[in-house]
Amino acid sequence: MTKLNQIIAVEKGVKSKAVQDVNGAHQKVQKPALLSGISRTYQPKDEEGEQLPPESTQVQGEDVLREMAASLTRLFDVTATKDWANCAARADVVVEGRTVLADVPVSYLLFLEKQLTDLHAFVRKLPTLDAAESWSHDPSTDWWKTDPVRTIRTKKVPRNHVKAEATEKHPAQVEVYYEDVPIGYWTTVKFSGALPARRLNELVERIEKLQQAVKFAREEANGTEVTDQRVGDAVFGYLFG
């Protein structure tokens, strides 16, 4: 029995050949000479005259249609066999012994593969928590937060430094400088909606396991035995019969 994956393997080549044959047929019918024929014989005036062979050219009208129909019939049959089989080809998606999805059509498995590839790329780019900080989960906000950090707030206060005392003849020489004086305290807590690296790795691992399971399921579904369909003869029997 033919398998679905065997039909899929030959479909591209059959389609390519059919396109070439149809293009070739189209080019033939655009040449008037190929659709015109002639048959002539030569008879000399007397028995001693030169004998010439008959001449003829064949008309390529229905022949072109038959050749094109033969090529397209193969394409129609292969495509029908694949599409009919796709209706029946199914498999379970199993991850580590757990059936995540049961009896999934092969067309949906192909859809899943594409979606999981996109999802994998998205999750891999998610931001993670800064490893330099210590984070804990805050149930009230569902965010991550750091422990409170207390810092001092200071203010620059001007001070006078007497470089030389005043005398009867000269005023005092005073230099102004600024001193940082504590005036309060900041208590800071940082919040983040990013993921812990452990959680990100866990999500990536789950996606990759499901991707692998979907691929296995698709291979299993594509191993379904198919019934060869013969629709081409019916179609072209009606069209060109």
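In this text the structure is predicted, and so the values were computed from the model without any measurement.
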Original post:
Between the side chain of Trp135 and the main-chain N/O of Asp130, is any donor-acceptor distance below 3.5 Å?
Top reply: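 The answer is yes, because a donor-acceptor pair under 3.5 Å joins these two groups.
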Original post:
Do side-chain atoms of Asp77 reach the backbone of Gly232 as a donor and acceptor pair under 3.5 angstrom?
Top reply: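 Yes; at least one donor-acceptor contact below 3.5 Å.
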Original post:
NE2 of His170: more than 12 outside heavy atoms within 6.0 angstrom?
Top reply: no
Subject >> Phe236, CZ atom: more than 12 neighbouring heavy atoms under 6.0 Å >> reply: yes
Check for me, please, whether [X] and [Y] land in the same ILVMFWY cluster - side-chain distances under 4.5 Å, paths through other members count.
X      : Y      : result
Val214 : Ile8   : no
Leu72  : Val19  : no
Val93  : Leu116 : yes
Val14  : Val226 : yes
Leu195 : Leu119 : yes

Original post:
So Glu205 and Asn201, side-chain contact (heavy atoms from CB on, under 4.5 Å) or not? Walk me through it.
Top reply: CA-CA 6 Å; Glu205 183 180 2; Asn201 293 335; over 6 Å; no
With a 3.5 Å cut-off and sequence neighbours excluded, list the donor-acceptor pairs that the side chains of residues 94-111 form with protein atoms.
unit_1	atom_1	unit_2	atom_2	d
Glu96	OE2	Lys209	NZ	2.5

Would you give the length of the straight line joining atom [atom1] of [X] to atom [atom2] of [Y], rounded to the nearest 0.5 angstrom?
X      : Y      : atom1 : atom2 : value
Thr117 : Glu113 : OG1   : CD    : 7.0 Å
Glu220 : Arg90  : CD    : CZ    : 13.0 Å
Leu4   : Glu219 : CG    : CD    : 10.0 Å
Gln212 : Lys215 : CD    : NZ    : 6.0 Å
Arg218 : Leu112 : CZ    : CG    : 11.5 Å
Ile7   : Asn222 : CD1   : CG    : 11.5 Å

**OP:** Please say which of Gln115, Glu208, Gln211 ends up in a side-chain hydrogen bond (donor to acceptor under 3.5 Å, both in side chains) with His120.
**Re:** Glu208
To check you understand the geometry: which heavy-atom pair defines the closest contact between [X] and [Y], and what is its length?
X      : Y      : value
Thr227 : Thr81  : O-CG2, 3.7 Å
Trp143 : Ser192 : CB-O, 3.7 Å
Thr128 : Ala197 : CG2-CA, 4.2 Å
Phe240 : Ala69  : CD1-CB, 3.9 Å
Val231 : Ala80  : CG2-CB, 3.7 Å
Ser71  : Ala18  : OG-CA, 3.3 Å

Original post:
Is there a side-chain contact (heavy atoms from CB on, under 4.5 Å) between His137 and Asp142 once you walk through the steps?
Top reply: CA-CA 7 Å; His137 185 256; Asp142 202 24; 2.8 Å; yes
**OP:** Apply the test side-chain contact (heavy atoms from CB on, under 4.5 Å) to residues Val78 and Leu75: give CA-CA distance (whole Å), side-chain angles for both, the deciding distance (0.1 Å), then the verdict.
**Re:** CA-CA 5 Å; Val78 167; Leu75 174 63; 5.7 Å; no
Original post:
Are Pro44 and Glu50 close enough that some pair of their side-chain heavy atoms sits under 4.5 Å apart?
Top reply: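 Result no, sub-4.5 Å side-chain heavy-atom pair not found.
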Original post:
Are Val204 and Ile207 side-chain neighbours, meaning at least one heavy-atom pair lies under 4.5 Å?
Top reply: no
**OP:** Could you walk me through whether Glu202 and Arg199 pass side-chain contact (heavy atoms from CB on, under 4.5 Å), step by step?
**Re:** CA-CA 5 Å; Glu202 178 184 273; Arg199 174 62 173 164; 2.5 Å; yes
For residues 147-155, which side-chain N or O atoms pair as donor and acceptor with protein atoms under 3.5 Å away, sequence neighbours left out?
none

Please table the atom pairs, donor to acceptor, closer than 3.5 Å between any side-chain atom in residues 175-184 and protein atoms at least two apart or in another chain.
unit_1	atom_1	unit_2	atom_2	d
Glu179	OE1	Arg159	NE	3.0
Asp180	OD1	Lys156	NZ	3.0

